[in-house]
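Here the structure is a predicted model, which means the values were calculated and not measured.
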Amino acid sequence: MHTAHRLIAAVALTGTASLGLTGCLPSEPLPGLSGSRVLNDSVTALRGASTFTVSGTTSSQGVVTQVNLSISGTGECKGTLSTQSGGNIEVVRTRDHAFLRGDEAFLLAQTQGMPEEQAGPARKEMSGRWMRMEASDPSLKGLTNLCDRDGLLRDMYSVPDAEKGALTETDGQEAVTVNSMQGVFLVATKGEPFLLKATTSGPNAIDLAFTHINRPVQVDVPADKDVYDPDGIG
């Protein structure tokens, strides 16, 4: 496998986690609103934000990825993914393209097991450079699920049998707990009812926190001299 394609494969695992956790907490804040309505309203509010951040972990096929991304409603996204195998991947996504750059530790981890006569030149060629791909490329499905606002939040709409739980607090904000067979969600009770956190367990567990930011994502597209073709390396 090409070294560059290993980077793609690592990214492809990051956003494929599904929901699956049960829970039940006492009390019922926000009387008159069902748990499903509270959760739907929280996702609608977050989708309406100009920009929000998502941070935490996802797991797929036993691979845990640390996520730290800023996402806009107009298709821009940037941040980092830290892989369990080692190293970090920088991400810049526009509406048309995705740019990925692995650090030295990541490139070393991804070339382990390759003959050194292949691994050495590949690391040298890729070091400090960005891989550019079409944003619609199917191999980037995992990244798309995380980096696209609608793709990330789609499965949190219309969660069946969602029930409100107790009031709690997360990152200094009061929140109501919403429990379902698919996950446990925290929804802000003050101001806009933003979704603040989603947590699940199992083989595809997620533990993601969301923060609304009232400013656009500043995306700097890498210069052509710092970009390479993934099919031409490895």
Side-chain angles (χ1 to χ4, degrees), residues 14-60 65 67-77 79 93 95 135 141-217:
T14 62
T16 55
S18 59
L19 303 179
L21 179 66
T22 62
C24 183
L25 293 175
S27 80
E28 187 184 352
L30 302 179
L33 294 179
S34 68
S36 294
R37 173 64 183 276
V38 170
L39 183 56
N40 284 352
D41 287 351
S42 75
V43 177
T44 297
L46 195 59
R47 288 185 73 249
S50 58
T51 303
F52 63 87
T53 66
V54 56
S55 60
T57 60
T58 68
S59 175
S60 181
T65 301
V67 176
N68 190 352
L69 298 170
S70 297
I71 302 169
S72 79
T74 54
E76 292 82 17
C77 171
R93 183 182 183 274
R95 280 174 281 188
K141 181 179 179 181
L143 177 62
T144 300
N145 285 350
L146 284 173
C147 230
D148 176 72
R149 179 193 63 186
D150 293 335
L152 177 62
L153 299 175
R154 184 179 297 116
D155 290 342
M156 299 180 192
Y157 272 118
S158 303
V159 173
D161 303 320
E163 297 182 355
K164 289 178 294 184
L167 287 173
T168 185
E169 187 175 283
T170 179
D171 197 25
Q173 292 182 271
E174 184 182 273
V176 60
T177 306
V178 178
N179 302 278
S180 77
M181 294 292 290
Q182 292 176 278
V184 174
F185 309 90
L186 300 184
V187 177
T189 59
K190 306 295 185 182
E192 290 289 323
F194 292 118
L195 177 65
L196 299 177
K197 193 168 186 179
T199 304
T200 73
S201 62
N204 292 320
I206 66 171
D207 186 10
L208 297 175
F210 304 89
T211 303
H212 168 233
I213 299 177
N214 191 25
R215 62 178 184 273
V217 175

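Here Ser55 contributes atom OG and Leu69 contributes atom CG; the two are 9.0 Å apart, rounded to the nearest 0.5 Å. Between the CG atom of Asn204 and the OG1 atom of Thr58 there is a distance of 9.0 Å, given to the nearest 0.5 Å. Taking OG of Ser70 as the reference point, atom CZ of Arg93 lies at 14.0 Å (rounded to 0.5 Å). Summarising the geometry, atom CG belonging to Asn68 is positioned 7.0 Å from atom OG1 belonging to Thr53; distances are rounded to the nearest 0.5 Å. One finds the CG atom of Leu143 at 6.5 Å from the SG atom of Cys77 (value rounded to the nearest 0.5 Å).
The minimum heavy-atom distance linking Ala162 with Val178 is given by the pair CB-CG1, 3.8 Å. Of all non-hydrogen atoms in Gly165 and Val176, the two that sit nearest each other are O-CG2, 3.9 Å. Closest of all the heavy-atom pairs between Asn40 and Ser158 is OD1-N, 2.8 Å. Taking each heavy atom of Lys164 and Asn179 in turn, the nearest pair found is C-ND2, 4.5 Å. Summarising the geometry of Met156 relative to Leu152, their closest heavy-atom pair is CE-O, 4.0 Å, with the distance given to 0.1 Å. Summarising the geometry of Ala45 relative to Glu192, their closest heavy-atom pair is CB-OE1, 4.1 Å, with the distance given to 0.1 Å.
The shortest distance between side-chain heavy atoms of Leu196 and Asp171 does not fall below 4.5 Å. Residues Leu153 and Phe52 form a side-chain contact, since some pair of their non-hydrogen atoms from C-beta on lies under 4.5 Å apart. Proximity of Val54 to Ile71: side-chain heavy atoms (C-beta onward) are separated by under 4.5 Å at one or more points.
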Next on the checklist: Walk me through whether Leu186 and Thr177 qualify under side-chain contact (heavy atoms from CB on, under 4.5 Å).
Outcome noted: CA-CA 5 Å; Leu186 300 184; Thr177 306; 3.6 Å; yes
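Take Glu174 and apply the side-chain hydrogen bond (donor to acceptor under 3.5 Å, both in side chains) test, not counting sequence neighbours, and it matches Thr189. Considering only residues two or more places apart in sequence or on other chains, Arg37 meets the side-chain hydrogen bond (donor to acceptor under 3.5 Å, both in side chains) condition with Asp41. Evaluation of the salt bridge (charged side-chain N to carboxylate O under 4.0 Å, His left out) rule for Arg47 yields Asp150 as partners, not counting sequence neighbours. A search for side-chain hydrogen bond (donor to acceptor under 3.5 Å, both in side chains) contacts involving Ser72 returns Thr74, Glu76, not counting sequence neighbours.
Sorted by first and then second residue, the ring pair (Phe, Tyr, Trp, His ring centres under 6.0 Å) pairs with a member in residues 142-184 form an empty list; sequence neighbours excluded.
A distance-only check finds a donor-acceptor pair linking the side chain of Ser59 to the backbone of Pro203 [under 3.5 Å].
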Contacts table for residues 206-213: side-chain donor-acceptor under 3.5 angstrom, sequence neighbours left out:
residue, atom, partner, partner atom, Å
Asp207, OD1, Thr199, OG1, 3.3

